[in-house]
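Take a look at the structure set out below.
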Amino acid sequence: MLSNAVWLFFVVQLLAGCSIEAKLNRDYKGKSFSEVMAVKGAPTNIENLIGGGTLRTYQKRVMLKETPINTGQFQYDSFNAPKVLKSEITQFKVNDQGIVLEIKYSCEYSK
């Protein structure tokens with residue numbers, strides 16, 4: 001069973017994901033994909049879409065280390081959040097003229 005601290009961590013990350021997607025939309029939606037590439041480099045994957053355009057995907061995986069959890073009280077035993085693999089996927093839907101139409105961001109955690 002997951003502790004309250006772990007649940008809180010997942011809720012915060014879910015909310016952060018929403019704000020990341022909103023920021024990406026403000027920064028890049030309606031702009032040339034070359035602006036994205038100037039900041040992020042080449043995408044990890046490019047798929048051609050039926051009806052024209054492309055879906056350009058960036059995938060980043062990071063292993064987050066085990067982290068001590070402070071309960072705010074004296075404790076004999078230490079409590080640690082387990083190490084997890086964080087996978088971030090950002091997808092840019094780009095039209096044939098190279099303009100960003102839509103951006104999707106997701107973040108998943110696994111052991």
Side-chain angles (χ1 to χ4, degrees):
M1 183 166 201
L2 295 175
S3 71
N4 289 338
V6 173
W7 281 113
L8 179 62
F9 176 75
F10 285 116
V11 169
V12 168
Q13 292 304 315
L14 177 66
L15 294 175
C18 295
S19 66
I20 290 172
E21 187 171 317
K23 182 181 182 328
L24 288 169
N25 275 291
R26 282 192 308 272
D27 291 347
Y28 299 115
K29 191 172 184 177
K31 297 184 179 173
S32 172
F33 188 73
S34 61
E35 292 184 39
V36 176
M37 288 186 60
V39 175
K40 294 184 159 288
T44 310
N45 188 37
I46 300 174
E47 292 179 49
N48 292 321
L49 299 174
I50 296 173
T54 56
L55 185 64
R56 301 174 188 211
T57 303
Y58 289 88
Q59 186 170 10
K60 179 180 171 185
R61 292 183 173 186
V62 178
M63 182 61 78
L64 301 177
K65 65 181 181 176
E66 196 172 85
T67 308
I69 298 173
N70 183 356
T71 63
Q73 300 174 356
F74 176 78
Q75 58 196 39
Y76 287 106
D77 298 325
S78 64
F79 294 100
N80 292 320
K83 66 180 176 180
V84 294
L85 178 63
K86 178 182 178 183
S87 299
E88 292 180 284
I89 299 171
T90 309
Q91 295 180 317
F92 294 84
K93 184 177 180 182
V94 180
N95 68 13
D96 290 330
Q97 291 75 40
I99 304 300
V100 176
L101 302 175
E102 187 178 346
I103 302 164
K104 298 283 185 192
Y105 172 83
S106 66
C107 184
E108 298 176 357
Y109 296 87
S110 60
K111 287 186 178 184

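All figures in this text were calculated on a predicted structure; none of them were measured in a lab.
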Could you tell me whether the side chain of [X] and the main chain of [Y] form a donor-acceptor pair under 3.5 Å?
{"X": "Glu21", "Y": "Tyr105", "answer": "yes"}
{"X": "Ser32", "Y": "Ser34", "answer": "yes"}
{"X": "Tyr58", "Y": "Glu88", "answer": "no"}

For the NZ atom of Lys40 and the CZ atom of Arg56, what is their distance to the nearest 0.5 Å? 14.5 Å
Rounded to the nearest 0.5 angstrom, the CD-CG distance for Glu47 and Leu49 is 7.0 Å
Nearest heavy-atom pair of [X] and [Y]: which atoms, and what distance?
{"X": "Met63", "Y": "Val84", "result": "SD-O, 3.2 Å"}
{"X": "Ile103", "Y": "Leu24", "result": "CD1-O, 3.3 Å"}
{"X": "Asp96", "Y": "Gly53", "result": "OD1-N, 2.8 Å"}

Tell me whether Lys86 forms a cation-pi arrangement with Tyr109, defined as NZ or CZ under 6.0 Å from the six-membered ring centre and within 45 degrees of its axis. no
Is it the case that one hydrophobic cluster holds both Val62 and Leu85, taking links as side-chain heavy atoms less than 4.5 Å apart, direct or via other members? no
Hydrophobic clustering (ILVMFWY, side-chain heavy atoms < 4.5 Å, transitive) - are Leu55 and Ile99 grouped together? no
Please lay out, stage by stage, how Ile89 and Gln91 fare under the test side-chain contact (heavy atoms from CB on, under 4.5 Å). CA-CA 7 Å; Ile89 299 171; Gln91 295 180 317; 4.1 Å; yes
List in chain and number order the residues that pass salt bridge (charged side-chain N to carboxylate O under 4.0 Å, His left out) with Glu35, two or more places apart in sequence or in another chain; answer none if no residue qualifies. none
Residues Val100, Lys31; criterion side-chain contact (heavy atoms from CB on, under 4.5 Å); working and verdict: CA-CA 6 Å; Val100 176; Lys31 297 184 179 173; 5.7 Å; no
So ring pair (Phe, Tyr, Trp, His ring centres under 6.0 Å) across residues 22-47, not counting sequence neighbours, yields Phe33-Phe92
Apply the test side-chain contact (heavy atoms from CB on, under 4.5 Å) to residues Asn45 and Gln59: give CA-CA distance (whole Å), side-chain angles for both, the deciding distance (0.1 Å), then the verdict. CA-CA 8 Å; Asn45 188 37; Gln59 186 170 10; over 6 Å; no
